[in-house]
Every structure is written in C-alpha cells, then in structure tokens.
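These numbers come from the heavy atoms of this one structure, side chains and all, not from hydrogens, waters or symmetry mates. In what follows, chains carry the letters A, B, and so on, assigned in the order in which the sequence lines appear, proteins first and then strands, with residues in each chain numbered from 1. This one's a predicted model, so the numbers in the text were calculated from it and none came from an experiment.
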Amino acid sequence: MSPVLEVSDLTVSFGGVPAVRGVSYSVRPGEVLGIVGESGSGKSVASAAIMGLLPPGARVTGSVRLHGRELIGASQRQLAAFRGKSISMVFQDPLSALTPVYRVGDQIAEAVRAHQRVSKENAMVKAVELLDLVGIPRPSERALAFPHEFSGGMRQRVVIAMAIANDPDVIICDEPTTALDVTIQAQVLEVLKRAQAKTGAAIIMITHDLGVVAGFADRVLVMYAGRAVEVGAVDDIYYRMRMPYTAGLLGSIPRVDRGRQPLVPIEGHPPSPAALPPGCPFAPRCPMRVEACDDREPPLFEVGAGHGAACIRWEEVRPDGLARQAAAGDTSRLRVRGERTVLAVRGLVKDYPLLRGAVFKRRVGTVHAVAGVSFDIRQGETLGLVGESGSGKTTTLTQILELVPPQRGRVVVLGHDTARLSRGERTEIRRDMQVVFQDPLASLDPRMTVHDILAEPLRTHGRPAGRRIRELLALVGLESSHAARYPQDFSGGQRQRIGIARALALEPRLLVLDEPVSALDVSIQAGVINLLDSLKDRLGLSYLFVAHDLAVVRHIADRVAVMYLGRIAEIGQVEAVYDAPAHPYTQALLSAIPLPDPVRERSRERILLEGDLPSPANPPSGCRFRTRCPKFRAELTDEERSLCVTVEPEVRPLNGATDQGAACHYAEKRGVV
Amino acid sequence: MTLSDEELAEELTDGTAYRAPSRLRVVTGRFFRSTQGRIGFAVLALMFLLAFAGPLVNRWSYTDKDLTAFMRPPSADHWFGTLQTGSDVFAVTLRGMQKSLIVGLLAALVSTALAAVVGAFAGYFRGWTERSLTWLTDLLLVLPAFLILAIISPLFGSGQWVVFVIMLALFLWMVTSKIVRGMAISVKEREFVQAARYMGVPPVRIIFRHVIPNLSSLLIVDATLNVSAAILTETSLSYFGFGIQPPDVSFGTLIADGSRTAVYAPWTFWFVAGLLVVTVLAVNLMGDALRDAFDPSAKRSR
C-alpha cells in the first residue's frame, strides 16, 4: 500500500535555532506510528509543522506530502481544506482544545459542517452518532452540555469525536493521554483504537511514554535533539534496539512489573538546541562514546529491514534491559518492619464545605476529601501513597504537613499528637519532617540564590549555614560553585536535587515527597529516584511518597497504600500488593498501566473501569468503589451485592498474607501485571 | 548525618575561606557589573558631592545678597549668575539640591516601603488584618491631603525636615499598596511560600524574605517614579506655607520662582531644571539596574 503521508527531510527553526533537523518518515493507511522523545526533542514541533500550525517566526523546509500533494508552502486556504478533513489532530489538553462557550454537540457539528455540505440538523445527528462511537453515555443528552460539564477523560473523547468527524486519513495525537489518569488513559486509548478501526486512518502518536506506544504502535520513531535517532518496527525498537539512547531510555523507565532494582539513568541532560555538541548530539551522555563520535553527526544507518539507527557503533549496542530482568528475580525481600513509628494516621477525616453565592455564601454540600484514612510509617520505611486525581492523597498530605488538629481522627508525627502541640513542639517537628514538592521550579523562590534557598531552613532553626551548604550540594550531586546561581539556571532534574537538598538541610527523620519526579523526563527521573533511594539508606530516613505513577512507587516504596475517593482501598507490602492485588480497584489500576514491552502488552487482558470517579461531594453508599467495580457488576450475586451497597468495607488483613489488607467484602488475590 | 570519610577530607582541604554567595552579595555584584548601574550610581554620588562640597568652594552663601549685581548672567564672580534679589544662583541651587536630594530620595523610599509593607501584610494575612489595612488605605485615598495638612501643620515648625519627609511619603503610597496587595495574594499561593511555611519560617519573615522580594520589580519602578513625584509635590506644598520656607530654598521653590523669569533670564531657571533632570535620570538608571540585578531572568551584562 502506498503511504498516505510522507515527510522527508523536514526542518524547522525558530530565529536561526533549529528545533527539528531533518526528520523523514511515512505512514501507510491504518498504520500507527509512535513518535517518542523527551521534552525539547522536537516531536511536537514536527507535527505542528505538518499541520501548518507553527507561529509566523518559524522557518520550515523539506517536504510533507499527503496523498502525493505537497503541504509545505501551501496557502492557508489549501491547508484549511486539508485540516480537519484529511488530517486531524488530538491535543494534549482537552480543556483548552474545546471552546468553553459552545455546547459540545455544536462544536462537533461545526467540525462536520466545515467540510461537508449538510444541513444543521443532519450535522447534529452526525455529532450524536460520533459521541456514541467514542463511548459517551446518553449521547443525545450530553451533546447539549458545555465542555466544563465533562470530566477530563470525557472531554478527550469529545476531541477524538471531532477529530474523526470527517473520516480523516491521518490523525495526529499529541500526548493525548498525558493529562489523564491511568484508568482513564486506558479508556481513551481503547476509544482511539475503536476510532481507528472505524475510519481506517493512520495515527501518528506523539508521546514521551514508552509504555503507551508499546501496545498501540506498529512502528516507532525515536527523536533526540530534533532528529530521528532510531526508527523501526515496534518489536525491533524494544527488543533489538541499535541506538544507545533508545537502550538508555528503556533502561531508565521504572516498570510496574519489575521489582526493586537500581534504574540506569542517562547521565547529563539533553543538549540545548542553540548549542548542539559537534558530532553525535547524544555523545556527551552516551556510555559507548568513542572519539569518532565527535567527528560528525551519524546518519540513520540501515540496520535491518525497515530499521534504522543513528549510531556508528550500532552493531555493538545490546539491549541490556533484558539481562537485568533475569537478575531481578531474586531480589524479593521479606523485610521485617522497623520498631519505631515515625508517622501514624488514624481515621483521618477532612471535609470542605461547598459554598454557593457571591455575597451571601451558603453551604450547599460537603466535599468529603478524606473520609477515614489510617496508615503508619516505621523508621527507615517508605510508604507509597498512590491514587488518581481526586482520590484525596494531596489533602491527606497537607493535613499531615499543616500540623494542626485534624477535623476527626488522629495524626501522630514522631511521637507527638498534632491535636496537643505546643508552639515549641511544632517548630521541633517542622525540623524533623521536611517536604519535597512536585514542581521544583515553583517550590524554589526564583529570586533567591541556591545558597540562600539552602540556608533558609538552617537559619530558621538557628544553625550555621556556611559549610553545611557545600555538604548538602555534594550530597545531592551538585557542585559547590552552583550555590551562587539562581534556580532558573538549572535543568529540571538539578532543580529537584536542590529541593531535596533543602529538605535534607536540617537532618530530618521523615521526608514527605509530593510527586517528586512526575514533572521530570524519564531519563532524568531515574537519577532522582536512585538518589532518593541511596539517601534513605545512608541517612536512615523514612519517606511518605505520594505519587500517581504506580511504577515509580514500586521502585522506591517498601509499602504501598492505594487510595480511592478519600479512603484506602488496599495497603500492604509492595511486592504483595503488586504481585497479587486483592481489591478490584488495585487490580484495575495495575492492569491499566501500559508496559514498555510490546509482546506482553499485546497479550495482556485489561480490566477496564467504566465511567469516571464519582464526585467526592456525593459518594456512593456502602462501598465507594461499587459504581465502577467490575466484580460488583459481573461476578457477584444480588445477595452478595446488597452487602456492598449497605456496608462500607474497612481495611482488613487478608488471609495468609503477612502484610496486606484490602477494603473489600469479597477481596480475592489476582495477578494482573 | 554522616558523610563518608573521603568527602569529609575533601571538605577540610579546600574549605578555608568560604564566601557565602547570599542574595545581598549577588545582587550587589550584578548591580555594579551593569553599566547603567555604575553610571547612575556615579552621577548620583557626584550630585551629592556637588550639593554638600560645592558651597565650601563658593564665596557666596545662599543667604548672601550681592547688592551690586541684580539679575546678572553668569560671570567669573557669580558662576550661575544672580537672582533679582542679588542672591548667587550657584549658592541657592546647591542649597536647594541639598534639601531636594534628601527629601526626594527619602520620601520615595519611605512611601514605597510603606506601600510594600502594608500591601504585603494585607495580602498575606487576609482576614481582619487585610480588612483594617485596606480600610486605612481607602481612608487616606479619599481624605483630601490638605485637610490632613491643616491638622498636622501646627505640629511641625520650619526646619523639621524629617516630619516633612514623612508627610510627603504619606500622600504617595496608597495606590501602590493596593497593587502590592493583589500581587501578594498571588505570591502567597506559590509553592515556595508553602515550602517556607512547612519549614517553620514565621509569617512575618516569609513576607520580608519571599513575598516582597518577588514584587521588587514593581517596587523599584515605583520608587524611582516617586523620587520625581516627591520633589514636585514638595513644591506645591511649599506654596501653601508648609515644608521649605524662605529664606531656605528647595528645587521646588527655585523652579517655581525661576519659571517666571526664565524667558529673559534663563540662568535663573535652566541650571536648576538641568540638575533636577540629571538627578531623576541618575535615579532611573539606578532603578533599572537594581531591578535587573534583582531579577534572575534578566539578561546578564558582564
């Protein structure tokens, strides 16, 4: 079959700085091409160039042919005829991709009418059909709703419906699931597959997540510093990669199916497009670098059938990830939990009033953000607190950090009950409990030098700064000359190291980590995870690690607590919970995580959850998960169900398990990864 | 915490003289590295030198009257010429500059500081603090300045320039304070303020260490504008018999008097006006350089 879209030697530059440097690929009808790369690799710019959506300052050269017709240099009029009809696009942020003031049905109908001569009524009928196709319940009713009345996943479905409205030949998806939770991501990917089956379109899937691509794409293109560095069939890329960058990327991803083992980060950080190194752009970070690498930039060598790699030593590149997998089997540890408890939370409850009215506020409801959560952390232990957005994990965290008496329940930090704290004790606890935030740039004062940032906790608690700051910088792998710089002079990973150094300044005993790596690129993320791991062992810290990424938690945590709608669904030792989850929600969550392993990914059975998280203002009676529970829907008898509807299950230890408990009346262990 | 032995050894070998690169030092360094900052600072220093050392080399003082020369253009005897009263223009100009430099700069600094503190406290604490501070600001905005002046004027006689500076500052801070309050509210929500709170930093120190420095661009621009505003406001106050009274002079009174004779005796006006322009320009240059020095994202000029 002839390719529907051919891109050859595409370059894009902004004011003389190259963002994309000679990318070529082609897609055939019905094929899925995955384009992966870290931030700044030029993957999004390349796709925007195809659509002709770049800002006026961009210089585009090369050729993009759709059905043999050239798009580069075409007039806006010609492009408008293609856009949305032959090529359509699904954006990352579904909220900003929809106009807030029009009903979604009208927006889809508009997409239909832009390219087809149909009446308004017929367009609306088509819109409802499309909404039904993308799995929106009661489509004729929902077509009259406004975008803000939809959840994130539902909005993304609407955007997909708009993208397929005119049976396009190519759908470009730019990080379509990055903003979504894992269970919703699984639903949306399912919808995309269905949409493709219906339209027979080719899909270009741009993502940084190697897991998403593994199960979805037929071919993969890896981009680095504005160039394609490896391209090939999905199995070639994952199992027979010939480019050290690809191997490094795969080696640095934490995987939900593998136990605790050190990740292999890629040293350094991606080059700035304005100052590319001579020769191979990856050479400064490459473990296989030889002198010849700096001579000139390697072209894409043909290393197999339809498989190209831009490395002069491609014959020697071996997938080392596979070797590590074999060695990982014997690391399962049976840890004895520590004696001393550093943090204990018992039946923590936090409600927020739901207010209406601008002048006279009246209470119209209550958001039950946290509804009875209990866990504890022992000395030297890491507890991973995981959950999707809206599960109440952040509220739990702020309740602990505020050190004020909780609404109900008890929080005991380092032996002190927060309900009975004197001012002096509170300051003392603040010294022993420190926090690392998600966004390293936002949590560091942009107007302070690194020295002042690190000195702040020391000065607050009356300790001398000076030498200690250099110790701290050395501890997190930064140089002491960095102290005079501002946070913005650093890369994301380095900034997070500064955040960690600040948290460690007072030699705390408990570190609260709020999504510390989710804002970082994979290759950088691995370095920070390893740092946290080694610091814990060296300094005897305990971590409360809040994350939405279950794979990261598996790598760093000893125990894990899974939250759903303000309650803990399952808690226990990491190996036990990941290998044999007992709560249906944990099972669904784990099965929704894509693995960077194409063969297993294709053969996996997904437990798809239906619908969205219920509103925490109005949680279901009895078991909070029952409205989405696959077990409740399919396996239980009516008699068994009545228990779920009436009685809210408490976390109970499972039979025969040393440290694992689930809040389910019918908990049953089941391997899903 | 225990560091490994090698690291400790390394620490001890090169850890002799460690200069802490704190914000103060970095900002000062960046300020003096920029050409603008150096020029502005040098010019302003020259103006001070002229104002305070100039009278020592001039044989006329500002109270002297040369009864042999009325309204004379600049000559070897009177460097800047003379006024209608026979006063030496050079002497009165320098006397006026002494007053105006101190009053203008101090009034600008005090009013901006007041705006920053009131605005930041109102924005950070919200609740009752905010309500009472906002009420105070609004009150001063709506109360006519002359009313307050009429009440307070008996309290200060002539020559009490400190009270005068505070009076001037009191009329200049309100609008800025309202802007600062709005910006402080948004800065308070930022994560680094949260981080400082969870570290146990007291709220007042958070305001002075995190909130106000993050509004420094606005505050510096405001302070530079206030310098000229203060000098000019001082003029209008002098009309109503407050502030600088004859025989004492200031830039304000000199410009007001000189503008009447400027057409046929330009020396009575242009020297004063020129020095005022140079002063304000120097302050603006310094303000720009200081703003860039504070702002880490500004381009480095090395």
Heavy-atom closest pair, residues B/Ala195 and A/Ser443: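 Scanning both residues, the minimum pair turns out to be CB-O, 4.1 Å.
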
Write down the atom of A/Thr460, the atom of B/Gly200, and the distance for their closest heavy-atom approach.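 Reported closest heavy-atom pair: CG2-O, 3.5 Å.
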
Report which part of A/Leu401 has an atom under 4.5 Å of a heavy atom belonging to chain B: side chain, backbone, both, or neither.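 Both parts, backbone and side chain.
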
Test A/Arg447 against B/Asp295 for side chain to side chain contact (heavy atoms under 4.5 Å, CB included), laying out the working first. CA-CA 7 Å; A/Arg447 304 242 164 184; B/Asp295 188 355; 4.0 Å; yes

CZ/B/Arg38: more than 12 non-hydrogen atoms of other groups inside 6.0 Å: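 Buried by this count: over 12 neighbours within 6.0 Å.
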
More than 12 heavy atoms from other groups under 6.0 Å of CZ on B/Phe48: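 Counting neighbours around CZ of B/Phe48, more than 12 heavy atoms of other residues, nucleotides or ligands fall under 6.0 Å, so yes.
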
Determine whether A/Tyr486 and B/Val26 satisfy the following criterion, side chain to side chain contact (heavy atoms under 4.5 Å, CB included), listing intermediate values before the conclusion. CA-CA 10 Å; A/Tyr486 288 97; B/Val26 171; 3.7 Å; yes

Do [X] and [Y] come close enough that some side-chain heavy atom pair is under 4.5 Å?
| X | Y | value |
| --- | --- | --- |
| A/Arg431 | B/Met199 | no |
| A/Glu402 | B/Tyr198 | yes |
| B/Arg209 | A/Glu456 | yes |

When rounded to the nearest 0.5 angstrom, what is the spacing between CG in A/Leu441 and CD in B/Glu191?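 The CG atom of A/Leu441 sits 10.0 Å away from the CD atom of B/Glu191.
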
Out of A/Arg502, A/Gln434, A/Met433, which one racks up the most heavy-atom pairs below 4.5 Å with chain B?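 Heavy-atom pairs under 4.5 Å are most numerous for A/Arg502.
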
Just give me the residue among A/Leu444, A/Val435, A/Leu403, A/Thr398 that pairs up with chain B most often, heavy atom to heavy atom, under 4.5 Å.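 Top count of heavy-atom pairs under 4.5 Å with chain B: A/Leu444.
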
